[in-house]
Visitor: 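Pasting a structure below so you can have a look.
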Amino acid sequence: MSKYKIILASNSPRRRELLKGLDVDFTVRVIPGIDESYPVGLSPAEVPCYIARRKAEAYLATLSNNELLITADTVVILDNEIIEKPVDRADAIGMLRRLSGRKHLVITAVVLTTTNRQKEFSAESTVDFTELRDDEIFYYVDKYKPFDKAGAYGIQEWIGYVAVQGIEGSFYNVMGLPIQRLYREILRFDDDPVSLKA
């Protein structure tokens, strides 16, 4: 892990917290205004990889030879449709009503990039929500204001305690970074990455 200076390209406090848990030194570097749109024809499962690669492209020119960049994107998928971040209170309430009593898929894609190599992977988790009452949804949205979170919820917050009755896959993936997999992929980064075209 000490071979590279690790750069986390994310504003997310959850991703920072998870990476910090690995007890490795890293620096946060954020370029504002990166376009996170994606082609209409992509399947929902392909979207996070596309966006994570796009983020990596925006940072590539800023990298030094000894730096390893981490970019990531997380999507929530229900009925083969991406549930984006809510735009306001009503949108957040509507999203949580849709997730209530159902299972949904969370996919996080991660791209590791150096000046001459790149590697990507993704992790999937299925989250099973119990039925939620409206007063529970209102309480969560009004107190925690999950407007920066895909699907309008953070599993590590109050809603995770009362709504999540089961998970298949990584809990940390649902938080926004499959940290166990990331650790292993960094360790073997030099073994099997794809070289970037000159």
Visitor: Starting at OG of Ser43, measure out to CG of Asn80 and round the result to the nearest 0.5 Å.
Guide: 7.5 Å

Visitor: If only side-chain N and O atoms count, and only distance matters, is there a donor-acceptor pair under 3.5 Å linking Asn66 with Ser64?
Guide: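 On atom types as modelled, these side chains do not qualify, holding no pair under 3.5 Å.
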
Visitor: Between Arg29 (side chain only) and Thr62 (backbone N and O only), is there a donor and an acceptor less than 3.5 Å apart?
Guide: yes

Visitor: Quick one: closest heavy-atom pair of Pro44 and Val75, and the distance?
Guide: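 Here Pro44 and Val75 meet closest at O-CG2, 4.2 Å.
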
Visitor: What distance do Gln118 atom CD and Leu68 atom CG have between them, rounded to the nearest 0.5 Å?
Guide: 10.5 Å

Visitor: Look only at the side chain of Lys103 and the backbone of Thr126, and say whether a donor-acceptor pair between them is shorter than 3.5 Å.
Guide: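 The answer is no, because no donor-acceptor pair under 3.5 Å joins these two groups.
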
Visitor: What heavy-atom pair brings Asn173 and Val106 nearest, and what distance separates the two atoms?
Guide: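 Scanning both residues, the minimum pair turns out to be ND2-O, 3.3 Å.
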
Visitor: Any salt bridge linking Asp91 with Lys85? Criterion: basic side-chain nitrogen under 4.0 Å from a carboxylate oxygen.
Guide: no

Visitor: Any side-chain heavy-atom pair from Val111 and Asp73 closer than 4.5 angstrom?
Guide: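 The answer is no; the side chains never approach within 4.5 Å.
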
Visitor: Do Ile83 and Ile77 have side-chain heavy atoms sitting under 4.5 Å apart?
Guide: no

Visitor: Group every Ile, Leu, Val, Met, Phe, Trp and Tyr by side-chain heavy-atom contacts under 4.5 Å, then state whether Phe26 and Ile7 land in the same group.
Guide: yes

Visitor: Give a yes or no on whether the backbone of Pro146 and the side-chain of Lys149 come within a donor-acceptor separation of less than 3.5 Å.
Guide: no

Visitor: Could Arg54 and Glu36 be called an ion pair, given the rule that one side-chain N must be under 4.0 Å from one carboxylate O?
Guide: no

Visitor: Does any N or O in the side chain of Asp128 come within less than 3.5 Å of the main-chain N or O of Ile167, such that one atom is a donor and the other an acceptor?
Guide: no

Visitor: Where do Leu132 and Leu96 come nearest, in terms of heavy atoms and distance?
Guide: CD1-O, 4.4 Å

Visitor: Are Ile6 and Val30 joined in one hydrophobic group, where the rule is that I, L, V, M, F, W and Y side chains link up if heavy atoms are under 4.5 Å apart?
Guide: yes

Visitor: Tyr172 side chain to Gln180 main-chain N or O, any donor-acceptor pair under 3.5 Å?
Guide: no

Visitor: Measuring from Asp79:CG to Leu105:CG, what's the distance to the nearest 0.5 Å?
Guide: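 Atom-to-atom, Asp79:CG and Leu105:CG are 11.5 Å apart.
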
Visitor: Quick one: do the Glu157 and Tyr140 side chains pair a donor with an acceptor below 3.5 Å?
Guide: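 Checked: Glu157/Tyr140 side chains pair up, N/O donor to acceptor below 3.5 Å.
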
Visitor: Take Arg98 and Phe129, measure what side-chain contact (heavy atoms from CB on, under 4.5 Å) needs, and give me the verdict at the end.
Guide: CA-CA 10 Å; Arg98 287 187 64 190; Phe129 265 31; over 6 Å; no

Visitor: Between Arg181 and Ser170, is there a side-chain donor-acceptor contact under 3.5 Å, judged purely by atom types and distance?
Guide: no

Visitor: Once rounded to the nearest 0.5 Å, what's the spacing between atom CG of Asp134 and atom CD1 of Ile93?
Guide: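 Atom-to-atom, Asp134:CG and Ile93:CD1 are 8.0 Å apart.
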
Visitor: Contact between Pro178 and Val110 at the side-chain level, heavy atoms closer than 4.5 Å - yes or no?
Guide: yes

Visitor: Can Asp191 and Lys119 be counted as an ion pair, charged N to O under 4.0 angstrom?
Guide: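 A salt bridge is absent here (no side-chain N lies under 4.0 Å from a carboxylate O).
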
Visitor: Aromatic ring centroids of Tyr153 and Tyr144 under 6.0 Å?
Guide: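 When the ring centroids of Tyr153 and Tyr144 are compared, they turn out to be at least 6.0 Å apart.
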
Visitor: Which pair of non-hydrogen atoms, one from Leu177 and one from Arg15, has the smallest distance, and what is that distance?
Guide: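 Heavy atoms of Leu177 and Arg15 come nearest at CD2-O, 4.0 Å.
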
Visitor: Could you check whether Arg89 makes a cation-pi contact with Phe147, meaning its NZ or CZ is under 6.0 Å from the centre of the six-membered ring and within 45° of the ring axis?
Guide: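 No; the conditions do not both hold, so Arg89 does not lie above the ring face of Phe147.
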
Visitor: Would you kindly confirm whether Val174 and Ile107 end up in one hydrophobic cluster when ILVMFWY residues are joined by side chain heavy atoms under 4.5 Å apart?
Guide: no

Visitor: By the definition side-chain contact (heavy atoms from CB on, under 4.5 Å), identify the one residue from Val164, Ile155, Ile179, Val127 that meets it with Phe171.
Guide: Ile155

Visitor: Is there a chain of hydrophobic side chains (I, L, V, M, F, W, Y, each step under 4.5 Å between heavy atoms) that links Val141 to Leu99?
Guide: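 Yes: a chain of side-chain contacts under 4.5 Å links Val141 to Leu99.
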
Visitor: Could you check whether any side-chain heavy atom of Phe189 comes within less than 4.5 Å of a side-chain heavy atom of Leu187, counting everything from C-beta outward?
Guide: no

Visitor: If we only count heavy atoms from C-beta on, is the Leu69 to Leu112 side-chain gap below 4.5 Å?
Guide: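 Result no, sub-4.5 Å side-chain heavy-atom pair not found.
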
Visitor: Measure across Pro86 and Ala152 and return the closest heavy-atom pair with its distance rounded to 0.1 Å.
Guide: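 Where Pro86 meets Ala152 most closely, the heavy atoms are CG-CB, 3.8 Å.
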
Visitor: So how far is it from Leu18 CG to Leu182 CG, rounded to the nearest 0.5 Å?
Guide: 9.5 Å

Visitor: Please report the shortest heavy-atom distance between Ser37 and Tyr50, naming the atom on each side.
Guide: O-CE2, 3.5 Å

Visitor: Kindly indicate whether the side chain of Thr114, heavy atoms from C-beta on, has any atom under 4.5 Å from the side chain of Glu67.
Guide: no

Visitor: When you group the ILVMFWY residues by side-chain heavy-atom contacts below 4.5 Å and let the links chain together, are Tyr38 and Ile34 in the same group?
Guide: no

Visitor: With a sphere of 6.0 Å drawn around CG of Asn65, does it hold more than 12 non-hydrogen atoms of other residues, nucleotides or ligands?
Guide: no

Visitor: Is a donor from one side chain sitting under 3.5 angstrom from an acceptor on the other, for Arg102 and Thr130?
Guide: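 Judged by distance alone, the side chains do not pair up.
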
Visitor: Measuring from Thr108:OG1 to Met175:CE, what's the distance to the nearest 0.5 Å?
Guide: 11.0 Å

Visitor: Set out, in order, the CA-CA distance, both residues' side-chain angles and the distance that settles side-chain contact (heavy atoms from CB on, under 4.5 Å) for Thr113 and Arg53, then state yes or no.
Guide: CA-CA 9 Å; Thr113 306; Arg53 283 194 304 268; over 6 Å; no

Visitor: Dump the intermediate steps for side-chain hydrogen bond (donor to acceptor under 3.5 Å, both in side chains) on Thr74 and Arg14, then the final yes or no.
Guide: CA-CA 12 Å; Thr74 301; Arg14 277 86 56 192; over 6 Å; no

Visitor: Scan side-chain atoms only and decide if Tyr4 and Asp190 contain a donor-acceptor pair under the 3.5 Å cut-off.
Guide: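 Distance-only check passes for Tyr4 and Asp190.
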
